[in-house]
Amino acid sequence: MIPLLLIIPLVFALFSVLLPRAPIKLIALPGLVLQLIASLALSVQIYRHGASDYQLGGWETPLGITLHANGFTVTLLTLTAFIAIVCAVYALVYLQRYRHEQRYFWPLFWFLLASLNGIWLSGDLFNLYVGLELLTFSAVGMVALTGSKPSLRAAIRYLYAALLGSLGFLAGVGLLYGQYGTLAIQDIAEISNAAAPTQVAIALMTIGLLLKTAIFPLHFWLPPAHGGALAPVSALLSALVVKASFYILALLWLDLAPEAVAPAAAQLLGALGAGAIVWGSWCAFRQSDLKMLVAYSTVAQLGYLMFLFPLSIGTSAVAAELAWQGTVLHLLAHAFAKAAMFLSVGTLVLALGHQSIKDLAGVSHRVPLALFAFGLSAVSLMGLPPSGGFNAKWLLLQSALLSGQWWWFVIILIGGLMTAAYVFRVFRVSFVEEARHQFAPTHWLLDVCALTLAAAAILLGFVSQWPLQLMQLVPGGSG
Amino acid sequence: MHYLQIVFISIGCLFFIIGTVGLLRFPDVLTRIHALTKADNLGLGFIVVGLIPSQSSAADVAKLLLCWLLILGASSVSAYLVANQHIRQTRKPE
Amino acid sequence: MWFDVILGIGLIVAAVGVFRSDELFRSVVFFVTFGILLALTWLRLQAPDLALAEAAIGAGLTGVLLLDTLGVLKRPAAVKFNLAKHALATIVALGAAAGLAWSFWTLLQLPAPTYNLVETLAANIDDSGVSHGITAVLLNFRSYDTLLEVAVLLVAIVIGLSLRQSLRQSLRHDDAQSDGDETVTGATTSPEQQAPALLKSLVHLLVPLLLITAIFVLWAGSTRPGGAFQAGALIAAAGVLARLGNIDIASRVNLLLRTGLTIGVFIFLLVAVSPMLTGYAFLAYPPGWAGVLIILIELMLTISIGLILLSLFIHAPREKRNGGSS
Amino acid sequence: MSLSFEAFNSDFWYACIGAVLFVVALYAFIVSQPLLKKLLAFNIMGSGVFLMMVGLAQYQHGPDSVPQALVLTGIVVAVAATALALVLLRKWVLSGGQA
């Protein structure tokens with residue numbers, strides 16, 4: 001069952017390269033439905049029988065590569081499949097006026113999914129490296145799809161930053177192989193110690209992955225890339241792509257070599273996260289372009305994920321578990337909310353014809369559903385009850401209190417306020433009645449997609465017990 | 001036989017050195033190409049001859065000679081192309 | 001021992017040469033020299049496959065792509081000294097140097113690694129279907145890496161094709177076509193620079209020889225150094241030479257080229273999935289069939305990799321000097 | 001067995017050369033202003049990492065096919081990255097950008 005999730009996207013990617021334009025769109029949705037069913041079936045299997053491994057090619061580690069599927073992996077797989085379907089429906093309608101881009105959007109879309117599934121499932125360091133490269137190339141390809149000057153410039157900066165990050169990661173892999181002689185994460189985890197090569201390898205890999213997750217101060221490449229891309233592309237990038245390198249970072253710090261990482265280093269990561277929240281929100285507040293505002297909001301929200309490290313390393317088991325649950329929920333809620341926000345902004349930009357925040361007047365009257373979806377997702381981003389974002393922040397706050405690190409408590413609250421600040425800036429303008437320019441009609445399906453994702457972000461608040469149960473979280477570990 | 005090999009290879013290296021000196025000292029492009037192509041090809045020939053006795057099978061000898069022939073062909077054609085391009089660029093408009 | 005020291009220092013001198021030379025052409029030449037020296041280093045590290053790959057792909061094809069790009073680039077702007085960037089770079093570089101030096105020094109003191117893959121590989125090599133270690137690792141033990149890697153190459157060329165034309169031209173263009181297969185020809189040499197007769201004769205001699213060597217390298221892959229990637233690079237080199245000799249190869253982006261590009265991954269997936277129907281794991285070869293299937297996959301991979309690397313050269317965006325589009 | 005320095009180990013020497021190349025190229029990547037030179041710095045940094053991988057893996061128990069296969073994959077991925085960067089760079093320059 002596990003390899004099916006790798007085979008489906010690769011097969012559909014090949015057909016999308018081979019077939020002419022019309023059939024590509026036809027096969028897109030069935031393929032994604034197939035993938036969602038496969039990931040749900042795997043989730044049920046994991047929920048019933050617990051984590052399971054799969055030896056590719058029948059070779060056991062250390063020679064072969066094993067895929068490892070546990071609660072956390074399966075949650076991410078289902079998240080990827082669900083967001084991919086909604087973005088695909090949105091893209092089918094949205095890309096109708098981009099004939100050239102349509103031809104090459106779908107192969108890159110499927111390769112992106114193949115690499116994401118590969119990264120969630122992989123249990124081998126070098127396999128993660130090749131998965132990261134495939135992910136980076138597809139993402140850069142999608143950013144540069146329109147071929148316009150700003151998107152090309154953003155794609156080049158994104159590619160250079162990501163390649164630098166990958167080399168940092170590969171240098172770490174080289175050091176670990178030099179010391180342990182194997183590349184399987186499970187094997188290294190058993191015999192890992194705090195010797196110099198392991199610590200330097202973890203440090204190099206962390207810097208590389210921070211660069212790929214665009215954590216402050218290495219976030220310079222994200223806003224132009226996510227802000228300038230087509231709406232479904234920025235939704236996919238902000239919701240899923242940046243999370244992949246964070247997932248590997250969490251895997252390294254908490255699974256591979258827990259004792260090689262000092263609590264002081266974890267505090268440093270927390271500080272970077274706090275910096276991301278404050279700086280990202282401040283930049284978002286000062287943006288005049290709507291998509292750039294949402295892109296900087298991504299930079300800010302990614303900071304919350306960094307609190308996983310200070311709150312779970314060197315703290316009590318209960319605090320660590322709360323921190324882990326809070327981070328997972330935040331990851332899910334942010335994925336839904338940010339994707340919904342980018343899709344709704346895409347619809348707004350289609351209707352208005354421009355992206356500047358100042359003259360959003362009359363939007364509430366002409367394009368109400370899109371604005372409503374934007375509002376719902378903003379509720380989750382701000383962390384207001386009953387949204388998923390609120391539960392996530394609530395768990396993080398509890399964990400901060402339990403572990404006595406009050407400074408993270410303060411930062412999380414400030415973050416929520418600043419998010420509210422830059423979101424209300426958009427609302428203040430859009431509820432002004434008289435509209436100075438006419439609105440282009442937009443397809444109803446675009447609003448439906450944005451609304452489904454926004455509703456999912458809010459609904460997560462009510463059912464956040466499901467993903468947490470699915471993960472049967474062992475304190476501090478990924479189950 | 002061993003000494004003969006050493007003599008051949010050292011002559012070959014000598015020609016390479018002469019070629020490089022020619023490259024550094026000659027004033028313009030055409031003479032440099034001239035020096036380089038001639039000296040290096042001859043030098044390589046000597047080195048190949050010097051290496052032949054220590055090859056185990058006839059196939060390896062054939063491979064060595066093939067390498068030499070290919071390099072001869074490639075370097076002479078590239079020299080021609082470079083000279084051709086140089087002349088077209090610096091042809092004085094009559 | 002002294003040869004290694006000289007070669008190592010030569011590598012560093014070539015690398016510094018790349019960075020210190022202010023003119024781009026000079027850096028590219030230094031870079032190609034670095035590639036050749038690196039190929040020699042791989043020989044010293046008893047890695048003939050890597051020497052082949054580095055010479056064919058690293059120095060050869062990358063050199064061709066770089067030199068081809070130099071033609072398109074305009075004069076670079078004057079470089080203004082930026083103290084902040086230099087300071088940052090020094091700190092980061094020193095940090096990395098200190099970390100690496102410390103870990104290298106400790107590695108010398110640490111006992112040998114607990115896992116010794118050399119023995120494990122030797123134990124499993126005989127039922128991997130091939131006798132050459134690297135091909136066994138690439139196409140049997142860790143074949144998922146190779147599958148993803150060829151997918152990476154495929155994505156690179158898909159992006160290359162998507163950026164081939166300017167947007168406005170493509171919109172007008174696609175409406176004319178029913179199924180959207182652009183038939184824009186790639187790098188056609190400009191009229192006044194028809195290939196001289198001498199180059200044409202060399203090409204007619206060299207291209208067949210290159211193809212024969214590529215097939216030999218592919219076939220040798222299962223027993224000696226060689227394999228799909230080096231053979232693919234040789235095919236791409238033959239294609240580039242043919243293009244320079246005005247032979248029109250793979251310039252039309254149509255279904256034939258697309259099938260060629262994807263055939264490698266397609267067959268690889270087919271061979272990887274079909275045993276699953278009879279109960280084997282994904283990417284597992286039925287016993288006894290490994291050798292034959294690996295050769296089949298390698299043949300298809302060679303075709304795909306050769307075409308991909310060739311198309312990356314042919315279909316790179318370039319000005320339309322003579323209105324190359326049909 | 002810890003290695004004493006009298007026995008000059010050529011694999012370990014090349015791993016050190018790889019580390020030096022990595023550091024020098026990292027400095028050059030950050031400092032160099034033209035995008036093409038940054039790309040060359042990336043390639044040399046990649047070669048440095050590959051040298052480290054093979055050197056560190058082989059300095060104790062001789063030639064090991066697994067890191068060599070990984071580096072072969074790495075070289076092909078590096079060429080794909082360079083080709084992709086060059087495609088973007090050319091398109092950027094053709095549409096009026098400054099390399």
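Note that the structure is a prediction, hence the values are computed from the model and not measured. Numbered from 1 within each chain, the chains take letters A, B, ... in sequence-line order.
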Heavy-atom pair count under 4.5 Å with chain A, highest-scoring of D:Val49, D:Val54, D:Leu26: D:Val49
For chain A, the option from D:Leu84, D:Val71, D:Leu56 that forms the most heavy-atom pairs under 4.5 Å: D:Leu84
If you check every heavy atom in residues 105-118 of chain A against those of chain D, which residues fall under 4.5 Å?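 The list, in residue order, is empty: none.
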Indicate every side-chain donor-acceptor pair of residues 34-41 of chain D with a distance under 3.5 Å to a residue at least two apart or in another chain.
residue: D:Lys37; atom: NZ; partner: C:Phe19; partner atom: O; Å: 3.2
residue: D:Lys37; atom: NZ; partner: C:Ser21; partner atom: O; Å: 2.6
residue: D:Lys38; atom: NZ; partner: D:Phe29; partner atom: O; Å: 2.9

When rounded to the nearest 0.5 angstrom, what distance separates OH in A:Tyr160 from CG in D:Leu89?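 CG of D:Leu89 is found 5.0 Å from OH of A:Tyr160.
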Does A:Phe15, at its CZ atom, have more than 12 non-hydrogen atoms belonging to other residues, nucleotides or ligands within less than 6.0 Å? no
For atom CH2 of A:Trp279, is the number of surrounding heavy atoms from other residues, nucleotides or ligands below 6.0 Å larger than 12?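 Count not over threshold, so no.
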Is any side-chain heavy atom of A:Val173 closer than 4.5 Å to a side-chain heavy atom of D:Leu70?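 The answer is no; the side chains never approach within 4.5 Å.
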Structural part of [X] lying under 4.5 Å from a heavy atom of chain D:
X: A:Ala144; value: side chain
X: A:Leu167; value: both
X: A:Phe126; value: side chain
X: A:Leu183; value: side chain

By side-chain contact (heavy atoms from CB on, under 4.5 Å), D:Val87 pairs with (sequence neighbours left out) C:Leu163, C:Pro317
If a pair satisfies ring pair (Phe, Tyr, Trp, His ring centres under 6.0 Å) and one of its residues is in residues 169-190 of chain A, list it, with sequence neighbours excluded.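 Checked against ring pair (Phe, Tyr, Trp, His ring centres under 6.0 Å) - neighbours excluded - no pair reaches residues 169-190 of chain A.
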Side chain, backbone, both or neither of D:Met52 within contact of chain A (heavy atoms, under 4.5 Å): side chain
